[in-house]
Amino acid sequence: MQIATWNVNSLKVRLPHVLDWLQTTGCDVLGLQELKMDNAANAKLVAEFAAIGYNYVYNGQKTYNGVALISKHPLENIVMDIPEYEDVQKRVIAATINGVRVICAYIVNGESLTSDKYQYKLAWLSQLQRYVAAELAVYPELVLLGDYNIAPEARDTYAPQIWEGQVLCSAPERAAFQGLIDLGLTDSFRHFNQEERQFTWWDYRNMAFRRKQGLRIDHLLASSALMARVSSCVIDTAPRKLERPSDHTPVIITLN
DNA sequence: ATGGCAGTGCCTCACTGA
């Protein structure tokens with residue numbers, strides 16, 4: 001079974017890429033972020049995905065945010081948002097697929113260290129940690145996947161001299177990431193790959209993709225019970241090379 | 001090396017993203 005994450009930066013625009021990618025890879029489960037579509041528009045996509053053999057569940061809003069799960073297999077116990085946390089922004093959807101709890105999250109960007117959005121990001125991450133801890137107590141096999149908007153280490157940026165200490169790379173954000181790891185999760189990509197300059201996002205400006213100037217901010221964190229089944233984690237850069245691409249590209253784990 | 005790109009929406013700009 002393969003499970004992937006992809007921030008599509010508007011599913012309306014990227015729908016052809018997503019449909020092609022699912023058919024090419026045969027990926028079993030795909031978590032999407034930044035749908036930028038309200039639920040009336042999302043509802044119309046159910047038939048599009050059904051036509052190629054996938055279920056589609058979504059948690060959307062107009063213009064901003066929005067997350068979804070696409071799966072070949074039945075989705076059970078679907079939960080939207082972080083329970084017991086008031087938040088109008090649609091950033092989380094979770095479901096159980098073949099016994100694996102999949103939590104798809106679009107973590108707050110934060111804008112800058114002096115922004116109110118940065119404080120929202122840190123508070124939001126604390127709520128996410130509480131939620132994931134509770135989920136792990138119920139579901140031993142769990143993956144927390146999505147756009148974290150956090151580069152965990154200096155080597156996860158193309159230019160540490162520019163990024164270290166800035167938003168996405170600040171000590172409090174990295175401490176929050178470590179707080180998730182400390183729940184017993186593993187950064188599945190780093191478990192297999194120690195090479196430098198491996199990124200999941202590249203700015204649209206300045207030919208950043210061609211220059212290999214990116215960040216690694218999209219992650220799949222696996223519980224220890226699930227990690228025992230994970231045989232690989234790879235970044236698929238192919239969709240980033242298409243016409244009118246998302247600025248993010250998919251990351252995929254394969255389970256035994 | 002971030003003004004410069006891209007998407008959305010009460011759309012000839014503002015807001016958001018990372």
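In what follows, chains carry the letters A, B, and so on, assigned in the order in which the sequence lines appear, proteins first and then strands, with residues in each chain numbered from 1.
When atom types are taken as modelled, the side chain of A/Gln61 and the backbone of A/Asp38 share no donor-acceptor pair closer than 3.5 angstrom. Not a single donor-acceptor pair under 3.5 Å links the side chain of A/Thr157 to the backbone N or O of A/Leu215. Proximity of a side-chain donor or acceptor of A/Asn193 to a complementary backbone N or O of A/Glu195 within less than 3.5 Å is detected.
By the ring pair (Phe, Tyr, Trp, His ring centres under 6.0 Å) test, A/Tyr58 is found to be paired with A/Tyr56, residues two or more places apart in sequence or in another chain being considered. Judged as a side chain to side chain contact (heavy atoms under 4.5 Å, CB included), and not counting sequence neighbours, the contacts of A/Thr114 are A/Ser112. Partners of A/Glu111 under the salt bridge (Lys or Arg N to Asp or Glu O under 4.0 Å) rule, at least two apart in sequence or in another chain, are A/Lys117.
Using C1' as the reference atom, B/dG17 and B/dT12 are 23 Å apart when rounded to the nearest Å. Comparing B/dT2 with B/dA14, their P atoms sit 24 Å apart, to the nearest whole Å. B/dC10 and B/dT16 are spaced 15 Å apart, taking the P atom of each and rounding to whole Å. Rounded to whole Å, the separation between the C1' atoms of B/dC11 and B/dA6 comes to 15 Å. For the P atoms, the distance from B/dA18 to B/dC13 is 27 Å, rounded to whole Å.
Using a 4.5 Å heavy-atom cutoff, the side chains of A/Trp21 and A/Trp6 are in contact.
The ring-ring contact (aromatic ring centres under 6.0 Å, His included) analysis of residues 89-119 of chain A, with sequence neighbours excluded, yields no pairs.
Heavy-atom nearest nucleotides on DNA chain B were determined for A/Tyr158 and for A/Pro245, and the one closer to the 5' end corresponds to A/Tyr158.
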**Item:** Pairing annotation in dot-bracket form, given for DNA chain B with Watson-Crick or G-U pairs under 3.5 Å and | for cross-strand partners
**Value:** ....(((((...))))).

**Request:** Using a 4.0 Å cut-off on protein heavy atoms (strictly under), produce a 5'-to-3' string for nucleotides 8-18 of chain B with B for base contact, S for backbone-only sugar-phosphate contact, and - for none.
**Result:** SSS-----SSB

